[in-house]
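Remember, it's 1-based here, ligands and their atoms both numbered in the order they're listed.
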Amino acid sequence: MVNIVKSSNLGYPRIGEKREWKKALEQFWAGKLEKDVFLKQIEEIRLQHLQKQKDQGIDLIPVGDFSLYDHVLDTAVMFGLVPKRFEYGGGTVSLETYFDIARGTKDAVASEMTKWFNTNYHYIVPELDGVVPTLVENRPLQFYKEAKQKLDIEGKPVILGPVTFVKLSKGYSESEFKAVVNQFVPLYADILRELQKEGVEWVQIDEPILSTSISKEEVALFNDIYQTLHDAAPDVKVILQTYFDSIEHYEDVISLPVQGIGLDFVHDSGQNLAALKKYGFPKDKVLAAGVIDGRNIWRANLDDRFSILEEIEEIVSKDHLIVQPSSSLLHVPVTVKNEETLDEILTGALAFTDEKLHEIVVLTKGLQEGKEAIRTEIATSVQAIEVLNQSSVRNNIEVQEAISNLHTYKAERQVPFTVRQELQTKVFQLPLLPTTTIGSFPQTQEVRKQRLNWRKGELSDAQYEEYIKAEIKKWIDIQEDLGLDVFVHGEFERTDMVEYFGEKLAGFQFTKFGWVQSYGSRCVKPPLIYGDVAYIEPMTVAETVYAQSLTTKAVKGMLTGPITILNWSFVRDDISRYDVANQIALALRKEVATLEANGIRMIQVDEPAIREGLPLKRENWESYLNAAVYAFKLATTSVRNDTQIHTHMCYSDFEEIIDAIKALDADVISIETSRSHGELIHAFEENTYDKGIGLGVYDIHSPRVPKLEELVRNIDRALQVLDKRLFWINPDCGLKTRGINETVEALKVMVEAAKQTREKLKVLSR
Ligand code: GLN
Ligand code: ZN
């Protein structure tokens, strides 16, 4: 075993400092880069990342964590798991097929993608139905050899573990689970055997599923599997890696037949440390301690982190301790180094990947040589955080007082829905099955170009405003022509539904290169919520009021909800996330009041991110959902009884959170359903919904114009379980990614489907 504390990393972001990876991928997809040139560029990026980690002084450098799209897909193709529709003849999966699975072809739809645990990273869901896994290439081995040959790095291969892999896959029934996992075990054994032959010392096997609410029996399954793997390659030291929360069944997990256990000591609500103290840790195992936050961008308080390590060290001896981030650093940007335009106080308190690796090295040194050896680094980190904490940019007394006096705000509508409904019916005079859209209309090249020119100063504020107004007018006219019942202004002034509000509220800043991978080559740049969030001035009123002035139909005001803004940002960690959510909610409450005071009588507050923020463990759901519901109601309930609050969510698997959705007490909700219409309708068979509801009747994620019969059928199905007096007809999400023509054509069909259904209902009721 090792004789001294080691530093380690769990995964390095793929995208590159300036998204070089993304650019190479997209050029290759566009046919602008030859395959060999592309592969060469990618290799350079991959090696550069390894070299960087080596230069930092990381002892255990992960290899095989790099990906051309997604690590779950990598694992699937390593086992030859290619869905039938991609016509694969066996053997190593070609680069072309790999991208086809991820992106689809004109004849075969892409594999589904979904969120990686509670992050905003999306993985490709492996399809196991009917395909027998075989090991067609040993990826970890290849990357291990590459690092060794090219950079003289003794890498630590990273592998997604069999239980988590199968859990994340689809195409088998629950009763088959164990048998399916067991199909993979011999293949994992082969991988390890080959790694052993190559002389690999450490392997990281990721089993984050251990940090979710899994059963004791499932943990028992791990025992057999990992014993088999150990027997296959007894010289390889396996670190069973968990992250994103504390592990369930601590005592069982630490007894598994592996040589190391990786625990998250940041996102565990203190439970991993508590369990460690209570139950101890086996003397013959290594503890890989995730003490640096792999999910957020703040500089660590090294004093505090070092004390945790000291507490751990009382239980685990130095030569059995590894210092590392709490999870892969995939979820944070690459480096703070290029952020020259940010507030200096803020920059001082940031740490992205490279800076976090440095923190790990420092902490490791502290453990090796004593705290004194890292005194300066500790002092600097504490100081930088303190400066930010004390600074006026972080503190707004008025907001802080409001948060301490939240009880003085009423977060309930004045009367129940049924009473509101009656009043609203009188005011709005809508037909049965009213038609509307979700908010955005196509953001054409032209719209984006005008915004860019305005940002560059080539277009004056007045000119840009005129341009946006013209777009709004154009689309109000289109909506009149289409005969929609409730209008929207189209969101032409917004690039992104969170960024737009972040730029207008106090407490947010935007980085230049703070990108993280969301899915495939798509990266997002989450805003930083670094200070108290405060309302400055109206954010959406001018555009909405202008749109309303052009029509007698109701125009919905469009806001992004507090939980979505929270979940899609990097949030300060010096106060509770819920306080931040409530600060945002209070700011939105002012916007809601201002919209209402200016004659806007329908206000939609989008919360597409509520579901993804659900904690990994069921026991924590209630407090999260309560907080989410409270923040939403704080933002929305101050309105008059006859002002109609809408909300929108874009996912369909919300059966589990339906009670929270009801508790939002929105007058109307619109949700995405078209890709899983059947399943959602089924959810309502068991559990009906008694407020206004629009189940998206067509899928906006594809340019295809839906057929009238399809929409009529979707509506009919929904009306079998939902009250026709509560049902709305709308597409399943915003239309900003669609082209103009296809949007207009699809909406024509939608309006026609509504008309036909109304006629049919009239006949039936006679
Ligand atoms: N109102 C937003 C839009 O239409 C909602 C987007 C979303 O749900 N993600 O674009
Ligand atoms: Zn949506």
Side-chain angles (χ1 to χ4, degrees), residues 113-115 120 122 435-444 447-448 451 468 471-472 475 478-479 484 486-502 518-519 522 524 526 539-540 543-544 547 555-569 588 591-592 595 600 602-613 628 632 635-636 644-654 661 664 666 668-677 680 693-702 728-740 743 746-747 750:
M113 104 193 149
T114 195
K115 302 239 174 206
N120 196 15
H122 303 67
T435 51
T436 189
T437 60
I438 304 303
S440 58
F441 281 127
Q443 285 254 334
T444 53
V447 173
R448 277 176 288 179
R451 179 164 39 245
I468 295 291
E471 281 297 296
I472 294 175
W475 279 91
I478 293 176
Q479 293 175 84
L484 287 160
V486 170
F487 290 9
V488 296
H489 78 281
E491 302 181 25
F492 303 104
E493 72 287 7
R494 309 179 189 179
T495 338
D496 172 273
M497 64 190 290
V498 171
E499 184 187 63
Y500 182 76
F501 291 90
S518 170
Y519 63 89
R522 194 185 150 92
V524 293
M539 301 178 277
T540 63
E543 291 81 5
T544 320
V555 175
K556 294 188 277 187
M558 278 295 152
L559 308 177
T560 303
I563 297 298
T564 297
I565 294 182
L566 187 81
N567 283 344
W568 289 351
S569 301
L588 291 172
E591 185 72 6
V592 166
L595 281 170
I600 302 303
M602 286 190 186
I603 299 169
Q604 178 171 314
V605 178
D606 293 329
E607 281 290 26
I610 284 198
R611 174 74 179 65
E612 77 187 51
F632 183 88
T636 55
Q644 193 167 67
I645 296 292
H646 290 233
T647 188
H648 165 72
M649 303 185 177
C650 25
Y651 40 80
S652 44
D653 52 341
F654 61 33
I661 289 174
L664 297 175
V668 182
I669 182 174
S670 59
I671 39 189
E672 172 179 307
T673 52
S674 27
R675 275 179 294 182
S676 59
H677 215 81
L680 187 71
I693 181 163
L695 303 185
V697 294
Y698 77 88
D699 179 9
I700 61 90
H701 302 87
S702 122
W728 286 64
I729 291 183
N730 48 257
D732 76 347
C733 197
L735 295 158
K736 90 174 180 198
T737 56
R738 294 274 61 88
I740 297 179
T743 298
L747 290 175
M750 186 184 89

**Fill in**
One should read off an interatomic distance between Thr544 OG1 and Ile472 CD1, to the nearest 0.5 angstrom, of 7.5 Å

**Asked** Of the non-hydrogen atoms in Leu559 and Ile603, which two are nearest, and what is the gap between them?
**Response** CD1-CG2, 4.1 Å

**Asked** Does any donor atom in the side chain of Lys736 or Gln443 lie under 3.5 Å from an acceptor atom in the other side chain?
**Response** no

**Message:** Which residues pass the ring-ring contact (aromatic ring centres under 6.0 Å, His included) test with Phe441, not counting sequence neighbours?
**Reply:** Trp475

**Asked** Hey, are Thr564 and Glu607 close enough side-chain-wise for a donor-acceptor pair under 3.5 Å?
**Response** yes

**Complete:** Those residues at least two apart in sequence (or on a different chain) that pass ring-ring contact (aromatic ring centres under 6.0 Å, His included) with His646 are Trp728

**Asked** When you check the space around the Zn ion (ligand 2), which protein N, O or S atoms turn up under 2.8 Å?
**Response** His648 NE2, Cys650 SG, Cys733 SG

**Residue pair Gln604 / Thr647, side-chain donor-acceptor N/O under 3.5 Å** = no

**Asked** Taking the side chain as C-beta and beyond, is there a heavy-atom pair between Asn120 and Tyr519 under 4.5 Å?
**Response** no

**Prompt:** When you check the side-chain N and O atoms of Ser670 and His648, is any donor under 3.5 Å from an acceptor?
**Reply:** yes

**Asked** Mind checking what residues have non-hydrogen atoms under 4.0 angstrom from ligand 1?
**Response** Ile438, Gly439, Ser440, Glu491, Met497, Met558, Asp606, Pro608, His648, Cys650, Cys733, Gly734

